Every structure is written in C-alpha cells, then in structure tokens.
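Since the structure is predicted, the reported quantities are computational estimates derived from the model, not experimental observations.
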Amino acid sequence: MLQSARGGVPSSRVTPGILGLAAIRAAPQLLGWVLCRRLPEGVVKLKIVETEAYHQDDPASHSFRGQTARTAPMFRVGGHLYVYFTYGRHYALNIVTGPAGRGEAVLLRAAEPLESIEIMQQNRKLTDVKKLAAGPGRLAQAIGINDTTLTGKLLDLLSIYLEPPKKSVRSNEIIVSPRIGITKAAHQPWRFYLKDNPFVSKL
DNA sequence: TTCCCGATTGTA
DNA sequence: ACAATCGGGAAC
C-alpha cells in the first residue's frame, strides 16, 4: 500500500496509500514517510516518527459526536488535512485516512527534521533539533502552521505533501502504545512510534 | 448565552 | 507540578 510510490515515481505524490484506509492501519504505515512543506523561505522536510489513530467510534476522537463545522475535514476522503486549534495556543496536524463520510484521521505527533532545519529552528525560536517537532503542537509550529487555513485542504505538491520512506520501516521497529494526553479510551493502543528514535515526543 | 475542558507546552 | 489561553460544543 504505502510502499507503492517507490523509485521516484511521483504517482502517489500527494496521497500515499491512505486513501480509504482505516486510521488504525494507516497510522503505523505513515511512520517513515517524509512530511514536506513548501514555505516562502524554502521546503522543510521531516521524517514522521510518531502517529496516533482517531476514528469515528472512538470516544477520544473529534469525529465521535458526528460531523460539525470544525470536524468536517475528518469526514472527507483520505488525503485531506485536518488542522485544529487546542488549549488556546497550539495547532495540530492530522492526515485524514478514511473513505468519505467515515471521520477518521491520523494525528502527526512527532517528526525528525531532515531538510531546511534552520527554517524550522526559526519557526520554533529554538535550536535543539530534538525538540523542534517532538509533539503535535511543536511539529505544526516547526512547519509554519500557525492557523487553520490548511484544514479541509488536500495534500498538494504546492503546499504540503508526503514522500515515500527513504528506507522501508520494518514492523519490528514499530512500538505500539496507548495514546497521549487523552482521558477517554485511554487504554486503547492506537499510538505508534519508531523504536529508539530520539525525536518522538515521549518514550 | 453560559460553562467546562481539552488529541499541549513552557516554566517553576 | 502548574499556569497560560481560547474556542468547540453540551447544557441551560
């Protein structure tokens, strides 16, 4: 699925294999993909190292109580973006994964800076590379997301897109654990991260 | 219209 | 350990 776009073929340039894929299956498969964001200063790139799945029958999910103006993007077909504002200060970026009408998405929780690191350091007003994108709010800020203009938009070469993993990720490198910062369905093992990777938000 | 609280982070 | 800070959505 997500392995399809290898060899420089820009076929799935915009959407890997997440189209119509359940969030719980898409979340681990997104690990290793390179998140790319085109900014006025240059293109920043980061390897996705930590994700969480949220779906419609999940009490912790924004889509649980049905579609609203804010959550509408979650109900679009996979490949759309869902950006929300939380705690009065932070933005979080999700990649929508379900079929249209389903309300599923993967929260990007942490990433390893690869290219244009200086730009991300400026965005974060911080030099420590390990903390540039270790956490959903930090990740969003690092790639210049300071509002919700991207929510409801499609992954798109002109602004934000994904590139295939440089090295394929083996399943035994993926750690599964409960999600962070939630109170409902807190025991569900729907968080995924790369084993021993120093850029994850927490161990 | 009011009230509660959150898919977090930086500081003490 | 805790405050900061504000909007979504349930409740009244």
### Message
Let's see if you can work this out: which of C:dG7, B:dA7, C:dG9 has an atom nearest to the side-chain heavy atoms of A:Phe85?
### Response
C:dG7
### Task
Round to the nearest Å and state the distance from A:Asp128 atom CG to B:dT11 atom P.
13 Å
### Query
Is any side-chain N or O of A:Arg138 closer than 4.0 Å to OP1 or OP2 of B:dG10?
yes
### Message
Can you confirm whether A:Glu118 is buried at CD, in the sense that more than 12 heavy atoms of other residues, nucleotides or ligands lie under 6.0 Å from that atom?
### Response
yes
### Task
May I ask you to evaluate whether A:Arg109 reaches the phosphate of B:dA7, defined as a side-chain N or O under 4.0 Å from OP1 or OP2?
no
#### Entry: Euclidean distance for C1', C:dC2 against B:dC5 (whole angstrom)
16 Å
### Message
Any salt bridge linking A:Arg38 with A:Asp156? Criterion: basic side-chain nitrogen under 4.0 Å from a carboxylate oxygen.
### Response
no
### Phosphate-side-chain proximity, A:Thr86 and B:dT8, N/O vs OP1/OP2 below 4.0 Å
no
### Task
Could you say whether A:Ala134 or A:Thr183 is positioned toward the 5' end of DNA chain B, judged by the nucleotide with the nearest heavy atom to each?
A:Thr183
### Query
What's the NZ-P distance between A:Lys125 and B:dT11, to the nearest Å?
13 Å
### Query
Can you say whether the rings of A:Tyr84 and A:His62 are parallel (under 30°), tilted (30 to 60°) or perpendicular (over 60°)?
perpendicular
### Summary
The nucleotide from B:dG10, B:dA7, B:dT8 with an atom nearest the side chain of A:His90 is B:dT8
### Query
Taking the side chain from A:Lys125 and the backbone from A:Gln121, do they hold a donor-acceptor pair closer than 3.5 Å?
no
### Query
Between atom CZ in A:Arg65 and atom C1' in C:dG8, what is the gap in whole Å?
11 Å
### Message
Using the side-chain heavy atoms of A:Arg89, tell me which of these nucleotides is nearest: C:dG7, C:dG9, C:dT5.
### Response
C:dT5
### Task
In whole angstrom, give the distance that lies between atom NZ of A:Lys184 and atom C1' of B:dC4.
11 Å
### Query
Think A:Arg124 has a side-chain N or O under 4.0 angstrom from the OP1 or OP2 of B:dG10?
yes
### Query
Under 4.5 Å between any side-chain heavy atoms of A:Ile175 and A:Phe192, yes or no?
no
### Query
Under 5.5 Å between ring centres and under 30° between planes: does that hold for A:Tyr54 against the base of B:dA7?
yes
### Message
Can you measure A:Leu107 atom CG to B:dT9 atom P for me and round it to whole angstrom units?
### Response
10 Å
#### Entry: Rounded distance (Å) that lies between atom C1' of B:dT8 and atom CD1 of A:Ile145
15 Å
#### Entry: Complement of C:dT5, any strand, by Watson-Crick or G-U distances under 3.5 angstrom
none
### Task
To the nearest Å, give me how far apart OH (A:Tyr84) and C1' (B:dT9) are.
13 Å
### Task
Compare the minimum distances between each of B:dT8, B:dA7, B:dG10 and the side chain of A:Tyr87, then state the nucleotide with the smallest one.
B:dT8
### Sugar-phosphate only, base, or nothing, as touched by A:Ala60 at under 4.0 Å among non-hydrogen atoms
base
### Query
Looking at A:His62, does any N or O in its side chain come under 4.0 Å of the phosphate oxygens OP1/OP2 on B:dA7?
yes
### Query
Which value, rounded to the nearest 0.5 Å, describes the distance between A:Ile143 atom CD1 and A:Leu108 atom CG?
7.5 Å
### Task
Grab the CZ-P distance between A:Arg70 and C:dC6 for me, whole Å please.
16 Å
### Task
If B:dA7 has a Watson-Crick or G-U wobble mate with both distances under 3.5 Å, name it; if not, just say none.
none
